[in-house]
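Since the structure comes first, as structure tokens, the remarks are kept for the end.
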Amino acid sequence: MCSGIEYHDTLLLWRDADVKLPVMLRGGEIRWIRWGERHGVVSMFFQGPCARLESIQAGKWKRFSPTPVKIPMQRYMERDAKGSPYWVKAPAGSVLQGLLAKIQGDQRVYVVTVESSPEYRHVQPRWPRVLVPA
């Protein structure tokens, strides 16, 4: 899971209502898109902030016409089992892999997650997929 990011000295946290994430378009411009769907909200979108890579590959997101996107950030945050924040500074130029989901003209962005590496399993079993420039 992903609980927050820092983008240009601004903290964007999942717990905040109607939070939007920056999504980098092909030309480099940024579009702000609502982050996931709140738990308990009646919606056609999946609830939560994240999309498991395995679910995407299995076709579970197909009905949302998914598009891979890049979410720029300087660091990202997970919460451990006690709910304490665990911030990770990303290498320069890194982005989170995101999934843009669309239904009837509405859209949401979800952070793509993978199984945590041994380095971070003590924090969470799932981890944001970070794309590091070559």
Side-chain angles (χ1 to χ4, degrees):
M1 185 171 144
C2 184
S3 296
I5 70 166
E6 181 177 0
Y7 177 71
H8 292 300
D9 300 321
T10 300
L11 297 181
L12 303 164
L13 304 175
W14 169 247
R15 70 174 186 215
D16 297 337
D18 299 323
V19 64
K20 294 181 179 180
L21 291 181
V23 172
M24 187 183 306
L25 303 178
R26 288 181 193 251
E29 72 179 270
I30 298 295
R31 179 177 294 153
W32 291 87
I33 299 175
R34 187 168 160 192
W35 186 2
E37 189 62 86
R38 296 276 159 213
H39 294 283
V41 172
V42 177
S43 172
M44 293 188 296
F45 287 103
F46 284 138
Q47 294 179 345
C50 302
R52 290 175 175 250
L53 181 60
E54 301 86 358
S55 295
I56 298 165
Q57 292 170 337
K60 293 181 180 180
W61 288 82
K62 191 172 183 173
R63 65 181 164 149
F64 299 107
S65 303
T67 303
V69 295
K70 295 177 179 176
I71 302 168
M73 49 82 206
Q74 284 74 47
R75 61 185 183 143
Y76 58 94
M77 188 256 291
E78 285 293 347
R79 292 198 178 273
D80 65 17
K82 295 179 182 177
S84 299
Y86 187 92
W87 285 95
V88 178
K89 183 170 174 44
S94 296
V95 295
L96 295 180
Q97 183 177 5
L99 176 140
L100 182 65
K102 301 170 281 290
I103 299 177
Q104 301 171 356
D106 201 5
Q107 52 189 358
R108 302 283 186 277
V109 64
Y110 294 84
V111 175
V112 174
T113 63
V114 294
E115 187 176 315
S116 294
S117 68
E119 174 183 15
Y120 296 118
R121 283 198 191 118
H122 71 284
V123 180
Q124 282 286 337
R126 304 289 306 169
W127 208 251
R129 188 167 193 207
V130 179
L131 305 176
V132 180

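Computed from a predicted model, the values in this text were never measured in an experiment. Residue numbers start at 1 and run along the sequence shown.
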So which residues get pulled into Met77's cluster when ILVMFWY side chains under 4.5 Å apart are joined, directly or through others?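 ILVMFWY cluster around Met77 also holds Leu11, Leu13, Trp87.
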Cluster companions of Phe46 among Ile, Leu, Val, Met, Phe, Trp, Tyr (side-chain spacing under 4.5 Å):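 For the cluster that includes Phe46, the remaining residues are Met44, Phe45, Leu53, Ile56, Trp61, Phe64, Leu99, Ile103, Tyr110, Val112, Val114.
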What I want to find out is whether Arg108 reaches Asp106 closely enough, with some N-O distance under 4.0 Å, to be called a salt bridge.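 Result for this pair is yes, salt bridge flagged.
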Using a strict threshold of under 4.0 Å (side-chain N to carboxylate O), is an ion pair present between Arg121 and Glu115?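 Counted as a salt bridge, because a side-chain N and a carboxylate O are separated by less than 4.0 Å.
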Verify, without hydrogens or angle tests, whether Gln74 (side chain) and His8 (backbone) share a donor-acceptor contact under 3.5 angstrom.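 Judged by distance alone, yes, a pair lies under 3.5 Å.
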For Ser65, does its backbone N or O pair with a side-chain atom of Lys102 as donor and acceptor, under 3.5 Å?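 Indeed, once roles are kept as given, a pair shorter than 3.5 Å links the two residues.
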Could you report the tightest heavy-atom contact between [X] and [Y], atom names first, then the distance?
| X | Y | answer |
| --- | --- | --- |
| Thr113 | Glu54 | O-OE1, 4.3 Å |
| Leu12 | Trp35 | O-CZ3, 3.9 Å |
| Ile30 | Pro72 | CD1-CG, 3.7 Å |
| Lys62 | Pro66 | O-CD, 3.7 Å |
| Arg75 | Lys89 | CB-CA, 3.7 Å |

To the nearest 0.5 Å, tell me how far Gln47 CD sits from His39 NE2. 6.5 Å
With side chains defined as the heavy atoms from C-beta onward, is the minimum distance between [X] and [Y] less than 4.5 Å?
| X | Y | value |
| --- | --- | --- |
| Leu21 | Val111 | yes |
| Tyr86 | Asp80 | no |
| Cys2 | Arg126 | no |
| Arg129 | Leu96 | no |
| Met24 | Val69 | no |

With a 4.5 Å cut-off on side-chain heavy-atom distances among I, L, V, M, F, W and Y, is there a chain of contacts connecting Val132 to Ile71?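 Cluster IDs for Val132 and Ile71 match.
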Parallel, tilted or perpendicular: ring planes of Trp127 versus Tyr76, cut at 30 and 60 degrees: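 Ring orientation of Trp127 relative to Tyr76: perpendicular.
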